[in-house]
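First the structure, in the form of structure tokens, and then the observations on it.
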Amino acid sequence: MNRKLFYFSGTGNTLYLAKELKKKIEGMELVKIRHDMDFNCKDCDIAGIAYPVYCFTLPKIVVDFINKIQFSSSTYIFGLASYGGLLTSSGRNLKKMLNARGYTLNAGFAIKMPGNATHVYEVPSLEKREAMYSKVPDRIAQIASIVNSKGSYGIDTNLGILGRLASVASKGMMSKINESDKVFLVDSNCDSCGICSKVCPVGNIKIIDGRPQWQHRCESCLACFHWCPKASIQIGKKTASRNRYHHPKITLEDIVPQTKTELVK
Ligand SMILES: Cc1cc2nc3c(=O)[nH]c(=O)nc-3n(C[C@H](O)[C@H](O)[C@H](O)COP(=O)(O)O)c2cc1C
């Protein structure tokens with residue numbers, strides 16, 4: 001029995017959901033999505049793809065993964081999106097990408113979590129965050145029961161036709177995502193700890209003369225920005241006064257990539 005839940009996560013929301021789901025599915029392993037991973041899942045009877053919604057669609061690294069991963073024709077495949085409010089029709093994009101590779105999406109789940117796009121809006125209040133966290137256990141139990149029985153389920157969406165249009169239009173928005181780091185800055189609070197470089201899931205940050213330098217292979221996950229212990233990374237002019245966020249039950253050790261195909265306990 002080979003069961004894998006592939007995940008990508010910048011601030012831990014998706015990883016937290018993946019960890020909770022793993023607990024309820026026998027034999028499930030968590031595998032971090034990386035460019036240099038093993039893309040063979042041909043002997044998987046169940047495979048999940050857990051991702052945060054970016055710009056009404058999937059992160060570029062997750063799209064690259066979908067274009068390379070190999071399942072068998074009998075693999076039960078499900079998606080698990082974490083999103084800040086604008087889920088739109090992002091799950092349909094996942095379905096189309098899998099269909100193009102000859103695979104079927106059996107279920108497209110989504111769970112609303114605190115939005116981490118802090119370059120656009122402030123981190124939700126503690127009250128709002130806790131309200132979201134409190135809904136997770138029931139939803140995970142429901143998802144686990146469907147996955148364990150390899151049941152069929154639709155695709156979670158929101159915003160109706162507007163959501164559909166947004167997810168179709170999102171292709172253009174994502175095409176320049178690797179260069180989104182051009183507006184990242186580091187201020188004088190930086191103490192050269194290097195955590196930004198360690199949390200970057202794609203090795204996009206070099207520390208040069210004690211300061212981070214972004215290499216334009218950015219996935220825009222904002223891990224560097226949110227995990228900086230001095231809040232010294234800024235994105236444009238608005239973020240200096242804004243809070244930082246990561247999921248309270250996910251630690252630096254959970255998020256830092258360590259091995260090629262890291263398995264999380
Ligand atoms: C660059 C970027 C774009 C985002 N776009 C969306 C979006 O279109 N819709 C949405 O609901 N949330 C959006 N979000 C919020 C994340 O999907 C959400 O906070 C998610 O739970 C983060 O997961 P993580 O903690 O695993 O990284 C975006 C976040 C980032 C960093």
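When a ligand or atom number is given, it counts from 1 through the structure's own listing order.
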For this session: Could you find the nearest protein heavy atom to atom 13 (C) of ligand 1 and give me its residue, atom name and distance?
Result: Val53 O, 3.1 Å
For this session: First locate atom NE2 of His246, then atom OG of Ser9, and finally report the distance between them rounded to the nearest 0.5 Å.
Result: 11.5 Å
For this session: For residues Ala50 and Leu5, report the shortest heavy-atom separation together with the two atoms involved.
Result: CB-CD1, 4.1 Å
For this session: Identify, by atom number and element, the atoms of ligand 1 in contact range of Thr11, meaning under 4.0 Å from any of its heavy atoms.
Result: 24 (P), 25 (O), 27 (O)
Exercise. Where on Leu222 is there a heavy atom closer than 4.0 Å to ligand 1, on the side chain, on the backbone, on both, or on neither?
Worked result: side chain
Problem set entry | Asp156 bridged to Arg139 by N-O distance under 4.0 Å | yes
Exercise. Do the rings of Tyr245 and His226 sit parallel, tilted or perpendicular, given the 30° and 60° boundaries?
Worked result: perpendicular
Problem set entry | Minimum-distance protein heavy atom relative to atom 9 (N) of ligand 1 | Leu86 O, 2.9 Å
Exercise. Mind checking whether Trp214 and Phe184 have parallel, tilted or perpendicular rings, split at 30° and 60°?
Worked result: perpendicular
For this session: Would you kindly specify which portion of Ser170 sits under 4.0 Å from ligand 1, judged on non-hydrogen atoms: side chain, backbone, both or neither?
Result: neither
For this session: Enumerate the atoms of ligand 1 whose separation from the nearest heavy atom of Gly10 is less than 4.0 angstrom.
Result: 24 (P), 26 (O), 27 (O)
Problem set entry | Distance filter under 4.0 Å to Thr14 heavy atoms, resulting ligand 1 atoms | 23 (O), 24 (P), 26 (O)
For this session: From the options Thr118, Asn116, Leu17, select the one whose nearest heavy atom is closest to atom 22 (C) of ligand 1.
Result: Asn116
For this session: Look only at interatomic distance and state if Ala117 has a nitrogen or oxygen under 3.5 Å from any nitrogen or oxygen of ligand 1.
Result: no
Problem set entry | Under 3.5 Å side-chain donor-acceptor pair for Asn13 and Asn116 | no
Seminar exercise, completed: ligand 1 to Ser220, heavy atom cutoff 4.0 Å, flagged ligand atoms 1 (C), 31 (C)
Seminar exercise, completed: If you scan protein heavy atoms around atom 20 (C) of ligand 1, the nearest is Ser82 OG, 3.4 Å
For this session: Return a yes/no value for Asn13: is any of its N or O atoms, backbone included, closer than 3.5 angstrom to an N or O of ligand 1?
Result: yes
Seminar exercise, completed: Value for CG (Asp254) from NE2 (His247), rounded to nearest 0.5 Å, stands at 11.0 Å
Exercise. Looking only at distance, does Pro52 have an N or O less than 3.5 Å from an N or O of ligand 1?
Worked result: no
For this session: List for me each residue that meets side-chain contact (heavy atoms from CB on, under 4.5 Å) alongside Ser145, sequence neighbours excluded, and say none if there are none.
Result: none
Problem set entry | Pick from Tyr54, Phe56, Tyr245: the one approaching atom 2 (C) of ligand 1 most closely through a non-hydrogen atom | Tyr54
Exercise. With distance as the sole criterion, is a donor-acceptor pair present between the side chains of Thr75 and Ser72 under 3.5 Å?
Worked result: yes
For this session: Please indicate whether any nitrogen or oxygen in Gly84 is less than 3.5 Å from any nitrogen or oxygen in ligand 1.
Result: yes
For this session: Using the disulfide bond (SG atoms under 2.5 Å apart) rule, collect all pairs that involve residues 37-140, keeping only residues at least two apart or in two chains.
Result: Cys41-Cys44
Exercise. Can you find an N or O of Cys55 that's nearer than 3.5 Å to an N or O of ligand 1?
Worked result: yes
